[in-house]
Amino acid sequence: MSVHTISTHAIPKLYYRREGNGPVLVLLHGFPATGSLWDEIPAKLSDRFTLIIPDLPGTGNSELEGEVTTLTEVAESIKAALDDTGIDKAVIAGHSMGGYVALAFAQAYPATIAGVALVHSTAAADDPAKKDLRKKTIELIRKGGKDSFVRSFVPTLFSSEFRNANPGRIEAQIAESSTMPEATMIAFYTAMMERKDSQDFIKTADTPVQWIIGADDSIIPAEKVMQQACLSDVNFIHLYEGVGHMSMIEGPVRLASDLEKFGVYCYSRPG
Ligand code: MLT
């Protein structure tokens, strides 16, 4: 494994890990997390792929300037990381918010993208209810309520079955999520609220899409994602029974195996 940092006009420092060999698979974490979200993914995946695992701006070892950025600027920083290490083709797997960044990347850099894996994510924009909820959360965080937000939000990311069986793992994730600074949380919530709908894009783009869906996901419900899961010309659809929003923790072996199959397909398809 090697570690690297780069900077762009909008992002002062983006830290990423590079490990393994073979075609490139970028793993983008969601909110509120860091690149270590992927640590339980079996090492087997790095026998097959070169993994690029960033800490998104303002998380972990990466930095963010000011309060506001856009997911396109975040995608630009990922492109700069790929350029930095001489990569011109990538499958990008994004968890939830990381999936929104992957879609922003695919729209900005279609020639670089070999496939997009949406891991508990959606191509839809926020609906009015979600925007309202984000505004209220931003207010709460501004008033100093970050810790209570994280403590109440993180457990809801997991299925009740996993949550009840693994209280220690939930506590560890709360601790990890609490490392995200308030300014980063506000910046990401603002950027997510302002992101565009990408459903028309995936209908017309020549990009295979993988849909990893948790049947018990209360953040991005399975029934909503299922409505999008045939939009692309090539769709890999996986519905995980008993899993919530966090298959990289709730079912990492299965997730790694499905990402591997999708990656192998994306790099072997003609054209
Ligand atoms: C995430 O898991 O990245 C976020 O919960 C996604 C979102 O809030 O839309």
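FYI, side chains are in, hydrogens and waters are out, and symmetry mates aren't considered; it's all heavy atoms of this structure. Every number for a ligand or one of its atoms is a count from 1 in the order of the listing.
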Give the atoms of ligand 1, by number and element, whose distance to some non-hydrogen atom of [X] is under 4.0 Å.
X	answer
Met97	1 (C), 3 (O)
Gly30	3 (O)
Tyr100	6 (C), 7 (C), 9 (O)
His245	1 (C), 2 (O)
Ile219	5 (O)

**Report entry** His245 and Ser96: side chain donor to acceptor below 3.5 Å
**Finding:** yes
**Report entry** side-chain hydrogen bond (donor to acceptor under 3.5 Å, both in side chains) evaluation trace for Tyr16 with Asn61
**Finding:** CA-CA 8 Å; Tyr16 65 97; Asn61 296 299; over 6 Å; no
Side-chain ion pair, [X] and [Y], N-O less than 4.0 Å:
X	Y	value
Lys261	Asp258	yes
Asp88	Lys79	no
Asp126	Lys196	no
Arg134	Glu194	no
Asp47	Lys44	no

Requested in this report: Using distance alone, decide if ligand 1 has a nitrogen or oxygen within less than 3.5 Å of any nitrogen or oxygen in Ile220.
Outcome: no
Query - Closest to atom 8 (O) of ligand 1 (judged by heavy-atom distance), picking from Lys130, Arg134, Arg195 - result: Arg134
Report summary line: Ranked by distance from atom 1 (C) of ligand 1, the top protein heavy atom is Ser96 OG, 2.8 Å
Query - Residue part near ligand 1, for Phe153, under 4.0 Å between non-hydrogen atoms - result: side chain
Report task. Give a yes/no verdict on whether any heavy atom in His120 is under 4.0 Å from an atom of ligand 1. Result -> no
Report task. May I ask whether His29 has any heavy atom positioned less than 4.0 angstrom from an atom of ligand 1? Result -> no
Query - Donor-acceptor contact below 3.5 Å, side chain Thr137 vs main chain Phe149 - result: no
